[in-house]
Amino acid sequence: MTPLDIVTYEEGIGQLPTASGDLLMDAPGYPQEWREFYVGHGAATEALRAAAPEALDWLVLSPAGDFDHEGEPSGGYALAPAAAEGRITLGDFARALLDEAEVATLHRTHAGVSAT
């Protein structure tokens, strides 16, 4: 694939499934003040899923938890289900996005990434 054959973008965590398969935004105790935002992100992914031609590969990446704004990038990351307590630095998240844009290993899906 070439960079023009794939669309990769970041989305919030609320629409990412947890290890149990439930969306994080539906988990007991998860903050609901941003629910409309979570739902909007999910609608964007569903619109992409419905409208993208088969020839267009796409990927939606989310932090599996939240961004660690204080930490230093470790240079590593792992695919992970949503976990509210999970963290990843902006640098490690950027590395995950770039790695997938350069050599796609995930196709037509929404995935979470976490620090290793």
Side-chain angles (χ1 to χ4, degrees):
M1 294 214 153
T2 68
L4 297 177
D5 295 330
I6 186 166
V7 173
T8 306
Y9 78 96
E10 185 273 335
E11 179 175 285
I13 184 178
Q15 289 284 331
L16 193 63
T18 63
S20 71
D22 297 326
L23 297 181
L24 183 60
M25 69 179 195
D26 295 332
Y30 194 71
Q32 295 299 301
E33 62 267 19
W34 299 100
R35 188 170 183 87
E36 288 181 30
F37 182 73
Y38 312 145
V39 171
H41 273 220
T45 299
E46 288 309 311
L48 178 61
R49 189 182 317 272
E54 286 297 317
L56 178 67
D57 198 4
W58 57 269
L59 171 64
V60 176
L61 279 183
S62 296
D66 199 357
F67 287 114
D68 176 357
H69 296 281
E70 305 299 323
E72 293 293 320
S74 68
Y77 60 87
L79 297 176
E85 68 281 356
R87 296 291 178 267
I88 189 166
T89 65
L90 293 170
D92 289 335
F93 188 78
R95 171 55 37 211
L97 277 170
L98 290 171
D99 285 352
E100 280 298 321
E102 290 175 0
V103 180
T105 61
L106 301 168
H107 306 279
R108 301 178 70 84
T109 193
H110 179 191
V113 290
S114 187
T116 54

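Predicted model only: the values in this text are computed from it and were never measured.
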Notebook entry, point to check: Does the side chain of W34 come within less than 4.5 Å of M25's, by heavy atoms?
Noted result: no
Check: Which value, rounded to the nearest 0.5 Å, describes the distance between Q15 atom CD and F37 atom CZ?
Finding: 11.0 Å
Notebook entry, point to check: When hydrophobic residues are tied together by side-chain contacts of less than 4.5 Å, even through go-betweens, does V39 share a cluster with L24?
Noted result: yes
Item checked: Side chains of D99 and Y77 in contact at under 4.5 Å (non-hydrogen atoms) -> yes
Notebook entry, point to check: Do you know the tightest heavy-atom contact between A52 and W58?
Noted result: CB-CD1, 3.9 Å
Check: Taking it one step at a time, do R35 and D26 satisfy side-chain contact (heavy atoms from CB on, under 4.5 Å)?
Finding: CA-CA 9 Å; R35 188 170 183 87; D26 295 332; 2.8 Å; yes
Margin query: Are the side chains of I13 and Y30 in contact, using a 4.5 Å heavy-atom criterion?
Written below: yes
Report, one line per pair, each donor and acceptor closer than 3.5 Å where one atom sits in a side chain of residues 78-86; sequence neighbours left out.
none

Checklist line | Within 6.0 angstrom of F67 CZ, more than 12 heavy atoms from elsewhere | finding: yes
Notebook entry, point to check: Are L16 and L106 connected in a single hydrophobic cluster, I mean Ile/Leu/Val/Met/Phe/Trp/Tyr linked by side-chain heavy atoms less than 4.5 Å apart?
Noted result: no
Notebook entry, point to check: Minimum heavy-atom separation for E70 to D68, with atom names?
Noted result: N-OD1, 3.0 Å
Next item on the list: Enter the distance from L97:CG to L59:CG here, rounded to the nearest 0.5 Å.
Entry: 7.5 Å
Solution key, residues 108-116 side-chain donor-acceptor pairs under 3.5 Å, sequence neighbours excluded:
from, atom 1, to, atom 2, distance (Å)
R108, NH1, P53, O, 3.2
R108, NH1, L56, O, 2.7
H110, NE2, S62, OG, 2.6

Next item on the list: Give, for atom CG of L90 and atom NE2 of H69, the distance between the pair rounded to the nearest 0.5 Å.
Entry: 5.5 Å
